[in-house]
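Contents: one structure, followed by commentary.
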Number of protein chains: 2
Amino acid sequence: MPEIRAQEGSKKPPSRRLAPDARAQQILEGAISHFAEYGFDGGTRALAAHLGISQALLFRYFPNKAALIDRVYEVVFLNRWNPEWKALLMRRDLPLTTRLTSFYKDYNRSIDRYEVIRISLFSALRNESISQRYVARLREQLIAPIVAECRAFVGLPAPVSLPLHPLEEELVLGLHATVIYGIMRKHVFHAAPPTDPDFMIELQVEGFVRFASEAFQRVHAHVLKSGERAGQPPPHVASIS
Amino acid sequence: MPEIRAQEGSKKPPSRRLAPDARAQQILEGAISHFAEYGFDGGTRALAAHLGISQALLFRYFPNKAALIDRVYEVVFLNRWNPEWKALLMRRDLPLTTRLTSFYKDYNRSIDRYEVIRISLFSALRNESISQRYVARLREQLIAPIVAECRAFVGLPAPVSLPLHPLEEELVLGLHATVIYGIMRKHVFHAAPPTDPDFMIELQVEGFVRFASEAFQRVHAHVLKSGERAGQPPPHVASIS
DNA sequence: TGCCTTGCTTATCGAATGATAAGCAAGAAC
DNA sequence: GTTCTTGCTTATCATTCGATAAGCAAGGCA
């Protein structure tokens with residue numbers, strides 16, 4: 001009878017004395033999935049247990065919990081940006097529909113991950129500065145360029161002569177929303193029917209571009225009509241009833 | 001010289017010995033704004049301090065923290081639903097555009113609140129059952145009826161003879177997304193330009209209805225073409241890189 | 001003015017949190 | 001097989017968490 005290793009505890013045979021780099025990487029990946037599931041208040045003990053290591057070991061590889069979270073942010077936010085997106089969107093040798101379709105298919109593929117969308121939301125709800133920086137980059141690198149391309153597409157003046165208006169951004173963000181909200185339905189609200197994201201993106205982009213000309217014209221007319229008196233924000237209702 | 005009340009501590013003159021109902025209501029409202037800001041891991045001590053009362057008093061009015069959170073959910077989710085929405089959406093004596101526009105203006109007005117959107121997200125990220133019940137109601141009471149109305153509008157068979165397809169719902173959710181994501185940008189990502197929500201809703205609905213006929217036709221063609229082999233979910237990528 | 005109900009606070013509990021210190025033992029080097 | 005480096009665990013820290021118990025005092029009532 002071969003010597004059976006008395007099953008110690010429950011399940012931690014596949015981890016003993018890793019090389020420091022490997023262990024750090026393992027902890028980081030475990031932290032990503034742990035914090036994505038339970039938020040950043042998910043305890044370090046639960047994380048360690050999930051990794052099959054002792055809780056103290058975490059602090060040998062990361063000085064404190066905040067530092068570990070910062071590394072998580074780095075992976076989720078910074079490493080997930082494709083600098084070629086902007087260039088793709090501005091390639092006027094391609095039809096606007098083609099550019100938007102292939103961009104959003106790629107963008108969708110890049111962020112349609114349980115960990116990414118949930119950690120993004122957890123950090124945004126914490127008002128983390130990295131989240132706000134991501135939003136700013138999104139605006140400057142993607143939304144604003146798309147607005148500019150739409151301007152060119154519908155025959156309106158370029159942003160250099162006529163500055164971008166928030167309502168134009170919002171128009172584009174309407175298209176953006178269909179992609180983001182779809183991912184959120186899947187990973188946050190757990191209400192995603194099995195579907196074909198590429199087909200839906202083709203459809204949404206087609207609808208957007210088809211209506212773009214009229215929409216941008218109407219936005220410009222609306223802006224002129226309301227005398228650019230910087231639409232006062234809607235009255236903030238006090239009680240919540 | 002009038003007797004100045006030695007400023008005790010910092011600021012808690014406007015609260016002593018309230019009637020039980022008033023105190024309970026005050027705590028509930030404070031909890032809503034506290035949990036909306038810091039999530040449900042926001043401590044009871046911080047909540048009490050914000051209310052200018054002792055932490056122990058909370059447990060005199062609510063048996064435990066979970067019970068308080070349940071009351072918060074009640075206010076945010078249940079009290080915020082207008083049962084007339086479905087009827088409005090189905091009023092075929094009105095043009096579809098009119099119905100959608102006035103519905104989404106009202107819906108937007110109803111949920112465009114800092115506390116509502118943030119608490120909804122916090123609870124969804126916790127996989128709370130009430131959040132999932134809200135999503136189910138949204139589907140059954142709003143999205144499905146809109147799909148049915150669109151079917152009628154574009155001349156497709158009613159759901160009784162041809163069951164709703166997830167892709168059709170997703171088409172409608174694209175419109176829904178523009179409203180929800182706009183609210184999230186404002187209260188979660190803090191990236192909302194001052195804008196005119198009613199105007200944007202008119203525009204988005206107009207674009208949606210204008211493209212609805214072709215979109216629904218293409219969805220049906222797509223469903224037939226892919227032989228209804230229940231689109232296999234996209235391969236779940238393992239590493240997060 | 002005095003009493004007496006009751007709304008509220010102070011003090012404290014055990015469990016859980018992030019983090020530290022000391023020592024065990026795996027496994028390469030010889 | 002022995003040694004020695006070092007990856008890892010056990011034990012413990014102070015702090016903070018939700019929750020409880022005992023007692024103070026505000027203010028209506030007489």
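Every heavy atom of this structure was used, including side-chain atoms; hydrogens, water molecules and symmetry mates were not. In what follows, chains carry the letters A, B, and so on, assigned in the order in which the sequence lines appear, proteins first and then strands, with residues in each chain numbered from 1.
Pairs passing the salt bridge (Lys or Arg N to Asp or Glu O under 4.0 Å) check and including a residue from residues 99-108 of chain B, sequence neighbours excluded, read Arg99(B)-Glu149(B), Lys105(B)-Glu202(B), Asp106(B)-Arg109(B).
Contact check, Tyr61(A) against dG7(D): no side-chain N or O comes under 4.0 Å of OP1 or OP2.
In this structure, Phe208(B) has no ring-ring contact (aromatic ring centres under 6.0 Å, His included) partners at least two apart in sequence or on a different chain. Take Arg45(A) and apply the side chain to side chain donor-acceptor pair (under 3.5 Å) test, not counting sequence neighbours, and it matches no residue. Under the salt bridge (charged side-chain N to carboxylate O under 4.0 Å, His left out) criterion, Glu37(B) pairs with no residue, sequence neighbours left out. Residues forming a ring-ring contact (aromatic ring centres under 6.0 Å, His included) with Phe59(A) (at least two apart in sequence, or on another chain): none. Applying the salt bridge (charged side-chain N to carboxylate O under 4.0 Å, His left out) test to Glu128(B) and every residue at least two apart in sequence or in another chain returns Arg126(B). Applying the ring-ring contact (aromatic ring centres under 6.0 Å, His included) rule to Tyr61(A) yields no partners; only residues at least two apart in sequence or on another chain are considered. With sequence neighbours excluded, no residue forms a salt bridge (charged side-chain N to carboxylate O under 4.0 Å, His left out) with Glu140(B). With sequence neighbours left out, the salt bridge (charged side-chain N to carboxylate O under 4.0 Å, His left out) criterion links Asp41(B) to no other residue.
Computed from coordinates, the His34(B) NE2 to dC17(D) C1' distance equals 12 Å when rounded to whole Å. One can place CG of Leu57(A) at 11 Å from P of dT10(D), the figure rounded to the nearest angstrom. Distance, Leu18(B) CG to dG28(D) C1': 16 Å, rounded to whole Å. Here the P atom of nucleotide dG18(C) and the CG atom of Leu58(A) are 10 Å apart, to the nearest Å. The CG atom of Leu68(B) sits 11 Å away from the P atom of dG18(D) (whole-angstrom rounding). Atom CG in Leu51(A) sits about 15 Å away from atom C1' in dT9(D), given to the nearest Å. We find that CG of Asp21(B) is positioned 14 Å from P of dT6(C), with the value rounded to whole Å. Arg23(A) has its CZ atom 12 Å from the C1' atom of dT9(D), to the nearest Å.
For the segment residues 40-48 of chain B, the set of residues with a heavy atom within less than 4.0 Å of an atom of DNA chain C comprises Arg45(B), in numerical order.
For Arg118(A) (side chain) and His187(A) (main-chain N/O), a donor-acceptor pair under 3.5 Å exists by modelled atom type.
The C1' atoms of five pairs define one axis at each end of the helix from dT1(C)-dA30(D) to dC30(C)-dG1(D), and these two axes lie 0° apart (to 10°).
Using modelled atom types and a 3.5 Å distance limit, the side chains of Thr44(B) and Gln55(B) yield a donor-acceptor pair.
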Contact letters for nucleotides 20-30 of chain C, in which S counts primed atoms plus P, OP1 and OP2 and B counts the base, heavy atoms under 4.0 Å: BB----BS---
